[in-house]
Amino acid sequence: MTTPRSRSAATRKVARERMVRAAAAGGRTKSKALPSPADSAGSYETVALVLQGGGALGSYQCGVYEALHEAGIRPNWFAGTSIGAINAAILAGNAPEHRLERLHEFWDTISETAGALSWPFTALTNLFDWLPPHGSLNAGAHALSAVGAIVKGQRGFFSARSTPPFVYSDGSAKATSFYDTSPLKTTLERLIDFDRINHEGVRLSVGAANVRSGNVRYFDSSIDRIRAEHIMASGALPPAFPAILIDEEPYWDGGTVSNTPLDYVLTSEPRRDSLVFQVDLWSAPGKVPQTMMEVFERQKDIQYSSRTRFGTDMVARLQKLRNALGLLLKEIPAKNVPPALLKDLQPWLCDRVFNIIHLIYQAKHDEEQYKDYAFDAATMREHWAGGIIDMQRSLANPQFFVPPTREVGVVTHDIHRRTA
């Protein structure tokens, strides 16, 4: 398949105009007249996969990617925070034909409880896996795997420290965290080709929060040389995990500031016509809690959802303003626009288009506040399957993928919003 990077600007322009004409002629009800999602994706300069943080829920993102992969869509920019950064790095750090294999290897590894005494947790959660689906049984499996993660950690990811951090006061990792994440470094270096990330042209961006300043920083392979430490920093959620030093600066999980790098992707310069798949693991809308456990769950949903829909609406309004300014200036004779004013307006002018396809994991009724650290294999596979289904539902709407007109500028599509 021809990638977006290999197409000339002129080819993309012709393809884009043809698709817009097809959409205008066929309308939304005549989807057979539209190009396939993969053909539409090929008309964009950038195809980005943006992955939110959410711990054990992250296997949902793998399902989304698997459906994209099977549809022939190959992103050329992966961006993520926390578990999203790990998934993004695995995707960027492997050739397309090996990506799904590496994702499966990572999730199969971390879906086992860590430590020599992990067998009770693993055996019992595997027993639940063989039983027929039932709310209370599934809830029991989730709870048991969450307990295993708390007590022992997850293999290839993190392990519980033998001594509580309250014993120390020297500012070290063992004084400021409950778990050791050195197993994750070994796993990342085994599964990810960092030379590929830094030299092969597929872009990777991961967000982390500077502990000193409290500001989020995005480490970007187009600027920075990415190492395993950058990925670990993006997922260093306190107080569970220790801060990671990057150039002598300590960094925590980017989700402590912003749980999605969507704004970074949409505002990076130079701006390009972009198809963006935003995959969230937390849903902002939800029911009013009736129990304390539901309060804990709802609080997490709100805290980590990052108000993605609000952000995309703001970007859409700003981009429409940019387009309107450009159209207005075209109607004004150049001699009537003072050079100083034109210079001030120039940074605000942009006729690029952005198509955001938004997917949000929908929590099951038997999941509770510990859903982000219930790493059992059965739950992982359920999340993964959910991502495949949701992306396939999106792919069944080829009109979602057609580039918007310059006058429109930004569009957002969301199967869950449509059916809500």
(message) Is there a side-chain contact (heavy atoms from CB on, under 4.5 Å) between H413 and H358? Walk through the geometry before answering.
(response) CA-CA 6 Å; H413 300 288; H358 192 187; over 6 Å; no
Partner residues of [X] under the side chain to side chain contact (heavy atoms under 4.5 Å, CB included) criterion, sequence neighbours left out:
X    : answer
I389 : R393
R272 : E45, T46, P270, S274
A363 : E297, Y361, E367, K371
T186 : none

(request) Any pair with a residue in residues 257-300 that passes ring pair (Phe, Tyr, Trp, His ring centres under 6.0 Å), sequence neighbours left out, goes on the list, sorted by first then second residue, please. (result)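 Passing the test, one end in residues 257-300: Y218-Y264, W282-Y304.
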(message) Walk me through whether D273 and R406 qualify under salt bridge (charged side-chain N to carboxylate O under 4.0 Å, His left out).
(response) CA-CA 10 Å; D273 291 340; R406 299 292 172 191; 2.8 Å; yes
Heavy-atom pair of closest approach, residues [X] and [Y]:
X    : Y    : answer
A175 : S169 : CB-N, 4.2 Å
P261 : L51  : CD-O, 4.1 Å
V402 : P35  : CG2-CD, 4.5 Å
S394 : L359 : OG-CD2, 3.9 Å
Y44  : P404 : OH-CD, 4.2 Å
R196 : P96  : NH2-CD, 3.8 Å

Listed partners of [X] passing salt bridge (Lys or Arg N to Asp or Glu O under 4.0 Å), at least two apart:
X    : answer
K185 : E189, E229
E101 : none
D253 : none

Do [X] and [Y] have side-chain heavy atoms sitting under 4.5 Å apart?
X    : Y    : value
S36  : D39  : yes
W348 : L318 : yes
I150 : F178 : no
V50  : V279 : no
F157 : T187 : no

So, [X] and [Y], do they make that salt bridge, N to O below 4.0 Å?
X    : Y    : result
R217 : D224 : yes
E105 : R190 : yes
D220 : R225 : no

(request) Kindly write out the residues that satisfy ring pair (Phe, Tyr, Trp, His ring centres under 6.0 Å) with H98, not counting sequence neighbours, or none if the list is empty. (result)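 For H98, no residue satisfies ring pair (Phe, Tyr, Trp, His ring centres under 6.0 Å) once neighbours in sequence are set aside.
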(request) List in chain and number order the residues that pass ring pair (Phe, Tyr, Trp, His ring centres under 6.0 Å) with Y251, two or more places apart in sequence or in another chain; answer none if no residue qualifies. (result)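 For Y251 the ring pair (Phe, Tyr, Trp, His ring centres under 6.0 Å) partners, ignoring immediate neighbours, are F219.
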Could you tell me the separation between the [atom1] atom of [X] and the [atom2] atom of [Y], rounded to the nearest 0.5 Å?
X    : Y    : atom1 : atom2 : answer
N355 : S43  : CG    : OG    : 9.0 Å
D376 : R381 : CG    : CZ    : 8.5 Å
L281 : H383 : CG    : NE2   : 9.0 Å

Return a table of donor-acceptor pairs under 3.5 angstrom between the side chains of residues 54-68 and protein atoms on other chains or two or more places apart.
residue : atom : partner : partner atom : Å
S59     : OG   : M380    : O            : 3.1
Y60     : OH   : D390    : OD2          : 2.7
Q61     : OE1  : N87     : ND2          : 3.0
Q61     : NE2  : Q52     : O            : 2.7
Y65     : OH   : H69     : ND1          : 3.1
Y65     : OH   : R99     : NH1          : 3.3
E66     : OE1  : W384    : NE1          : 2.8

(request) Evaluate the criterion side chain to side chain donor-acceptor pair (under 3.5 Å) for residue pair D280 and Q278; output intermediate values, then yes/no. (result) CA-CA 6 Å; D280 288 359; Q278 167 65 33; 2.2 Å; yes
(request) Any salt bridge (Lys or Arg N to Asp or Glu O under 4.0 Å) involving residues 161-181? Give me the pairs, sequence neighbours left out, ordered by first then second residue. (result)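 Qualifying pairs, neighbours excluded: none.
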(request) Please step through side-chain contact (heavy atoms from CB on, under 4.5 Å) for the pair V265 and W77, ending with a clear verdict. (result) CA-CA 9 Å; V265 169; W77 189 355; 3.9 Å; yes
(request) Have a look at E112 and tell me which of Q154, R155, K152 forms a side-chain hydrogen bond (donor to acceptor under 3.5 Å, both in side chains) with it. (result)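 One option only clears the test, and that one is R155.
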